[in-house]
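All heavy atoms count here, side chains included; hydrogens, waters and symmetry mates do not.
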Amino acid sequence: MQPNILFIQVDQLAAQFLRCYGDPICHAPNLDRLAQQGTVFETAYCNFPLCSPSRASMAAGKLCSEIGAYDNAAELPASIPTYAHYLRAAGYQTALSGKMHFIGPDQHHGFEKRLTPDLYPADFSWVPNWGDEGERDTNDPRSVTVAGVCERSMQIDFDDLVTYQAVQHLYDIARSKDERPFFLQVSYTHPHEPYLCQKEYWDLYEDADIPMPSVPALSQNRHDAHSARLLADFGMLDVRFDEEAIRTARRAYYGSISYLDDLIGQLLEALERIGKLENTVIIFTSDHGEMLGERGMWFKKHFFEQSLKVPLIITGAGFVAGRAETPVSLVDLLPTFMGIAEGSGWTSPVEQLDGEDLSTFFTSPGKDRLIFAEYLAEATTAPIFMVRQGRFKFIYSADDPPLLFDVENDPDELNNLAGSPEHSDTEEQLRSIVLEKWDSAELTERIRLSQRRRQLVLESDKQGTRPRWNHDEEPGSDVVWYRGEGSYNEWAFRYLPVSEEPN
């Protein structure tokens, strides 16, 4: 009997902020219980530290450079199978509640049902323009200075809707005559900034010693080239937030995790009430991490552990309680879902994927793997590549000096080993892997052409009635979600009635 699959994904949650990854104060009893009952993957990476590309590569089981999903305004081609297509072909009913950040006219990509709108525009509103980025509209210092307690936010509205529709869908399944197993993806936007939470979740950390960044803000000359570009892009280069502002933002981030945990509890309760908890495999992860003040950096878009490392917990048939040490990444999820559906060790009959069925790792726990990640979006001038092998992480760009870190002996990634004679063999080996896997010059040409094409399409769409590719919307329809019209930051910070100032 094929098990049901409940896939819970959150947005911008760094693994380090959960108790099962060593955090001392996080209040998330439902996630704690899932971690105790299932397999916790010690080192799980996203393959692209940015929302839409990360989700596209995860859904397709292939790196973004292979499928053309270069940034937050690049479409996942409708011709590329996703895990929803594969599972549907294997006999599953598939549904999505929440954010998937699909770009382009295909807003289903294999999901039979979409239960909610998406949060962000599905068109080319956020297409980058390498070399002439202009003023950033999606990240700025307000994320830190406007933080703390709120009565309501756009993100709370969205995630409450996501939970309501997902729970209702589970009850609808229980009443349905459709006997197919279900695959339900429930995808939240928290704890993505703005760093705001309701008072009940803020108060959970009243007496907690909120951990501050391990590495305080660095001066410009101590940042690597990409970090300096990102901070300049955010308007945060050499900005020094006071300790209270940092602590407030981090406390609200914890509060958002606790809020999510309550919502996840509602999903688990519904599963139990309809009698399907025992025959449902539950997967929990995030699309990428969050710097949250480390090195003076916020958000994502880099390959530091806080930005790249995500939680991954799987509980249910085939996944024993314990911890898995072999490094994994989000492209492994498609073959893992199919291994759950059709038997351990599944491989695609269509094409070679970039991931592997994780259930097979328990027969080879010491498996040594290469893990790859890419950054091809804004605030760079050339593709940036990452390869992790063993304890070493190598970051390469044709335009920037290389970075090499020993993440086991230097977890804060402060000591760049690139260029050091004693690590020259390791650096050369990893560089060779990068150069064999990617053709940076050819990829750069493809990305720049894609940007020019999409910029033209976007400009043409602004003439007359602007199309809406978002699920179940008509052009020009009035919705509360952000659709690329006006300032994102003004939208994100619009509803912030604070009922009580934080203590």
Side-chain angles (χ1 to χ4, degrees), residues 5 7-9 11 44-90 92 94-96 98-112 114 118 120 122 124 183-187 283 285-288 308 310 312 314 328-342 346-358 369-377 383 385-387 437-438 443 446-447 450 454 469 471:
I5 302 173
F7 178 33
I8 304 169
Q9 183 168 54
D11 194 332
Y45 281 166
C46 69
N47 302 99
F48 196 126
L50 186 62
C51 297
S52 181
S54 178
R55 293 160 186 266
S57 66
M58 175 192 71
K62 297 182 74 66
L63 295 179
C64 286
S65 59
E66 300 176 53
I67 59 176
Y70 303 132
D71 50 64
N72 265 350
E75 62 190 310
L76 171 63
S79 58
I80 293 179
T82 69
Y83 45 63
H85 289 113
Y86 279 105
L87 286 164
R88 195 167 168 182
Y92 278 72
T94 59
L96 166 65
K99 174 182 176 179
M100 197 61 192
H101 212 153
F102 289 140
I103 306 298
D106 185 355
Q107 287 295 300
H108 282 77
H109 288 286
F111 287 101
E112 287 180 77
R114 289 205 64 169
D118 215 314
Y120 296 145
F124 301 148
F183 174 81
L184 173 60
Q185 180 168 350
V186 184
S187 188
I283 298 94
T285 193
S286 177
D287 58 352
H288 51 73
L308 198 65
V310 296
L312 179 59
I314 305 181
V328 302
S329 70
L330 293 184
V331 291
D332 294 318
L333 289 182
L334 189 162
T336 300
F337 292 154
M338 291 307 298
I340 293 167
E342 296 200 329
W346 178 91
T347 58
S348 171
V350 175
E351 60 184 322
Q352 183 173 346
L353 301 177
D354 289 325
E356 300 177 64
D357 177 5
L358 297 181
R369 302 184 79 206
L370 291 171
I371 300 295
F372 298 105
E374 307 169 313
Y375 185 77
L376 316 171
F385 310 114
M386 190 285 302
V387 58
K437 187 169 186 63
W438 290 283
L443 179 57
R446 280 195 280 132
I447 292 170
S450 174
R454 287 179 284 146
W469 289 332
H471 168 63

Any side-chain heavy-atom pair of [X] and [Y] under 4.5 Å:
{"X": "N47", "Y": "S54", "result": "no"}
{"X": "D357", "Y": "D332", "result": "no"}
{"X": "F7", "Y": "T285", "result": "yes"}
{"X": "E374", "Y": "M386", "result": "no"}
{"X": "H108", "Y": "D106", "result": "yes"}
{"X": "C51", "Y": "K99", "result": "yes"}
{"X": "Y70", "Y": "C64", "result": "no"}
{"X": "L376", "Y": "D71", "result": "no"}

Can you tell me if [X] uses its side chain to pair, donor with acceptor, with the backbone of [Y] under 3.5 Å?
{"X": "D287", "Y": "L50", "result": "no"}
{"X": "T94", "Y": "R88", "result": "no"}
{"X": "T336", "Y": "L358", "result": "yes"}
{"X": "E351", "Y": "S348", "result": "no"}
{"X": "R446", "Y": "S65", "result": "yes"}
{"X": "S187", "Y": "M100", "result": "no"}
{"X": "D11", "Y": "S286", "result": "no"}
{"X": "H471", "Y": "Q107", "result": "no"}

Taking all non-hydrogen atoms of both residues into account, name the closest pair between [X] and [Y] and its distance.
{"X": "P53", "Y": "A69", "value": "CB-O, 3.6 Å"}
{"X": "S52", "Y": "N72", "value": "N-OD1, 2.9 Å"}
{"X": "V331", "Y": "D354", "value": "CG2-O, 3.7 Å"}
{"X": "Y83", "Y": "F111", "value": "CE1-CZ, 4.0 Å"}
{"X": "L353", "Y": "A60", "value": "CD2-O, 3.7 Å"}
{"X": "A74", "Y": "I103", "value": "O-CB, 3.5 Å"}

- request: Decide side chain to side chain contact (heavy atoms under 4.5 Å, CB included) for L312 and V328; before the verdict, give the C-alpha distance in whole Å, the side-chain angles of both, and the deciding distance to 0.1 Å.
  value: CA-CA 9 Å; L312 179 59; V328 302; 3.8 Å; yes
task: Step by step, work out the ring-ring contact (aromatic ring centres under 6.0 Å, His included) result for W346 and F337.
output: CA-CA 9 Å; W346 178 91; F337 292 154; over 10 Å; no
field: Aromatic centroids of Y45 and F372 separated by under 6.0 Å
entry: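 Ring centroids of F372 and Y45 are no less than 6.0 Å from each other.
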Nearest-0.5 Å distance that lies between atom [atom1] in [X] and atom [atom2] in [Y]:
{"X": "I314", "Y": "L333", "atom1": "CD1", "atom2": "CG", "answer": "6.5 Å"}
{"X": "Q185", "Y": "L96", "atom1": "CD", "atom2": "CG", "answer": "5.5 Å"}
{"X": "F385", "Y": "W438", "atom1": "CZ", "atom2": "CH2", "answer": "6.0 Å"}

- request: Could you label the plane-to-plane angle of the H109 and F102 rings as parallel, tilted or perpendicular, counting under 30° as parallel and over 60° as perpendicular?
  value: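 Aromatic pair H109/F102 classed tilted.
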field: Mutual orientation of the aromatic rings belonging to Y375 and F48 [parallel < 30°, tilted 30-60°, perpendicular > 60°]
entry: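 It falls in the tilted class, 30° to 60°.
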- prompt: Should R454 and E75 be marked as a salt bridge (charged side-chain N to carboxylate O under 4.0 Å, His left out) after you check the CA-CA gap, both sets of side-chain angles, and the distance that decides it?
  reply: CA-CA 10 Å; R454 287 179 284 146; E75 62 190 310; over 6 Å; no
Side chain to side chain contact (heavy atoms under 4.5 Å, CB included) between R55 and L76, intermediate numbers included: CA-CA 10 Å; R55 293 160 186 266; L76 171 63; over 6 Å; no
- request: Please report the C-alpha distance between T82 and L334 in whole Å, then the side-chain angles of each, then the deciding distance to 0.1 Å, and finally whether the side chain to side chain contact (heavy atoms under 4.5 Å, CB included) criterion is met.
  value: CA-CA 7 Å; T82 69; L334 189 162; 5.6 Å; no
- request: Kindly determine whether M338 and L87 satisfy side chain to side chain contact (heavy atoms under 4.5 Å, CB included), including the steps that lead there.
  value: CA-CA 7 Å; M338 291 307 298; L87 286 164; 3.7 Å; yes
